[in-house]
Amino acid sequence: MLQLRYFASLRESLGIGDEQVELPDNVHDLPGLTRWLQERDPTWKSALADSRLHVAINQEIVKVDAAIRDGDEIAWFPPVTGG
Amino acid sequence: MLQLRYFASLRESLGIGDEQVELPDNVHDLPGLTRWLQERDPTWKSALADSRLHVAINQEIVKVDAAIRDGDEIAWFPPVTGG
Amino acid sequence: MIRVQTEDFDAGAELEQLRSSHKGQAGAMVSFTGLVRDLNAGDTVTQMTLEHYPGMTEKALQRIEQVANERWELTATLIIHRVGPLTPNNNIVFVAAASCHREQAFRACEYMIDTLKTEAPFWKKETLSDGTRWVEQENSV
Amino acid sequence: MIRVQTEDFDAGAELEQLRSSHKGQAGAMVSFTGLVRDLNAGDTVTQMTLEHYPGMTEKALQRIEQVANERWELTATLIIHRVGPLTPNNNIVFVAAASCHREQAFRACEYMIDTLKTEAPFWKKETLSDGTRWVEQENSV
């Protein structure tokens with residue numbers, strides 16, 4: 001299982017803040033997971049196409065080609081604006 | 001009349017914090033006043049020889065060759081250490 | 001120490017705490033307080049809501065504090081960030097550093113707030129008279 | 001605003017005052033608090049006495065505040081300096097700047113305390129276990 005999380009404007013665009021999905025067989029990295037989500041639903045297709053989005057795996061910011069393992073928590077969010 | 005003021009370690013070296021003196025006839029600037037004070041008393045002679053001392057005239061820091069006028073308030077003090 | 005909370009904080013009490021926890025050792029304390037402004041990008045803001053990523057937020061703040069303590073000689077540091085609905089002039093964030101040397105305290109405090117603003121997962125949403133909008137990164141204070 | 005006083009100050013109350021005097025305009029407040037350390041140049045300090053030049057002190061602090069307000073975009077500034085006898089961990093000085101922009105507040109606050117330390121006529125005398133000594137400029141925090 002993967003724990004997926006969406007924050008802020010992305011959460012609002014998608015209409016959900018988190019979901020659990022089975023790790024798809026052919027998904028081994030972030031580009032693969034993103035593609036799988038985009039093919040699953042047109043809302044994800046456009047929302048995850050935003051190049052400004054950051055991704056954290058297990059609560060650490062990762063690069064765009066990061067590996068994905070079963071059990072990971074993957075979060076997408078826009079640039080942070082706290083402080 | 002001149003109002004003379006001494007602060008901090010200089011005040012302690014001289015034993016007084018302020019005094020009033022008549023403006024000497026031949027004194028027109030700070031070097032002249034300093035010389036006059038040093039000739040007046042050996043304690044002043046050594047104490048005012050400290051090149052680190054700052055001088056303020058009428059509560060504004062001045063350069064070593066500043067002019068002196070009757071009625072001025074002249075203060076000598078070591079480098080400041082507040083804050 | 002780091003804290004993420006919905007409640008307000010008392011900057012004076014926090015500074016007092018920072019001071020008394022290191023009696024006589026620190027000569028300098030520098031603090032930054034971030035406040036909700038009533039105007040942003042020319043529009044009147046009536047409310048500001050802070051969303052965050054629980055878990056990751058705490059890790060990010062702890063790392064910021066840790067790096068600051070590695071880079072500078074500090075006797076104490078503190079980061080407090082509020083989340084949830086806030087109104088103009090409310091406190092948002094408080095960052096403080098205590099040190100024997102004022103320059104170290106300034107550099108550490110500024111580093112912590114600068115890094116928080118680019119790395120800690122908080123997002124601001126403004127309520128204006130005619131709707132809401134998410135704050136863009138370049139608009140933040 | 002500037003104040004020279006023998007009494008202690010409450011940093012929190014001062015920050016609160018700074019904040020409420022500019023409701024909603026300032027997004028950032030930076031403060032510096034200077035404290036009496038219990039150790040200086042390796043020696044235990046039991047008391048610290050602050051001497052100043054009444055009249056010139058106020059002028060110097062006002063000029064520092066004025067220059068800060070000319071150089072940076074500030075909504076409020078404050079300088080408080082204590083004089084007379086103090087003990088370790090006591091407050092000595094409080095400098096604060098409020099601005100719409102945090103970088104401006106940091107620069108202004110640091111400018112004010114840096115300039116105060118080189119231009120405002122205050123002198124520190126320490127009481128040690130075996131006597132007293134005037135603090136030398138290079139030893140100050």
Side-chain angles (χ1 to χ4, degrees), chain A residues 1-21 23 29-31 33-34 37 41 43-83, chain C residues 2 4-5 32-37 40-41 45 48-64 79-84 86 91-95 109-126 131-141:
Chain A
M1 292 288 268
L2 299 176
Q3 178 73 32
L4 309 186
R5 310 194 67 171
Y6 313 110
F7 289 96
S9 54
L10 178 64
R11 174 179 54 71
E12 289 187 343
S13 299
L14 297 176
I16 61 168
D18 50 273
E19 60 173 323
Q20 292 199 325
V21 300
L23 177 62
D29 56 17
L30 188 54
L33 179 62
T34 303
L37 286 165
D41 190 306
T43 307
W44 268 253
K45 186 171 176 61
S46 61
L48 296 190
D50 185 345
S51 65
R52 292 168 306 174
L53 290 179
H54 294 269
V55 182
I57 298 181
N58 302 326
Q59 306 186 350
E60 300 279 348
I61 295 280
V62 295
K63 299 205 168 145
V64 290
D65 62 349
I68 300 281
R69 287 176 194 83
D70 197 27
D72 280 351
E73 172 178 316
I74 300 117
W76 285 260
F77 46 79
V80 304
T81 56
Chain C
I2 67 124
V4 180
Q5 60 190 46
F32 173 84
T33 312
L35 305 169
V36 179
R37 281 185 294 171
N40 189 17
V45 176
M48 167 86 86
T49 304
L50 262 296
E51 179 171 333
H52 78 126
Y53 183 172
M56 181 171 167
T57 308
E58 289 79 0
K59 284 185 194 174
L61 298 184
Q62 272 155 2
R63 189 179 311 121
I64 290 168
I79 303 176
I80 304 173
H81 203 295
R82 293 180 70 189
V83 292
L86 303 172
N91 289 316
I92 301 174
V93 63
F94 186 73
V95 174
C109 185
E110 197 167 11
Y111 166 81
M112 289 194 287
I113 184 63
D114 284 356
T115 311
L116 185 156
K117 281 179 176 270
T118 55
E119 295 185 8
F122 294 102
W123 300 275
K124 282 178 181 150
K125 187 179 192 176
E126 293 171 341
T132 63
R133 70 175 172 205
W134 290 94
V135 173
E136 298 285 325
Q137 197 166 35
E138 47 283 3
N139 289 344
S140 68
V141 174

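Letters go in sequence order (proteins before strands), and every chain restarts at 1.
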For the interface with chain C, which of Glu60(A), Arg5(A), Glu12(A) has the highest count of heavy-atom pairs at distances below 4.5 Å?
Glu12(A)
Where do Val83(C) and Thr57(C) land on the side chain to side chain contact (heavy atoms under 4.5 Å, CB included) test, with the steps shown first?
CA-CA 11 Å; Val83(C) 292; Thr57(C) 308; over 6 Å; no
Check whether any side-chain heavy atom of Glu126(C) lies under 4.5 Å from a side-chain heavy atom of Val135(C), and answer yes or no.
yes
Relative to the ring of His54(A), is the ring of Phe77(A) parallel (under 30°), tilted (30 to 60°) or perpendicular (over 60°)?
parallel
Ring geometry between Tyr6(A) and Trp44(A) (parallel below 30°, tilted from 30 to 60°, perpendicular above 60°):
perpendicular
Examine whether an atom of Arg63(C) lies under 4.5 Å from a heavy atom of chain A, and if so say whether it belongs to the side chain, the backbone or both; otherwise answer neither.
side chain
Heavy-atom contact with chain C under 4.5 Å, split by part of Ala8(A):
both
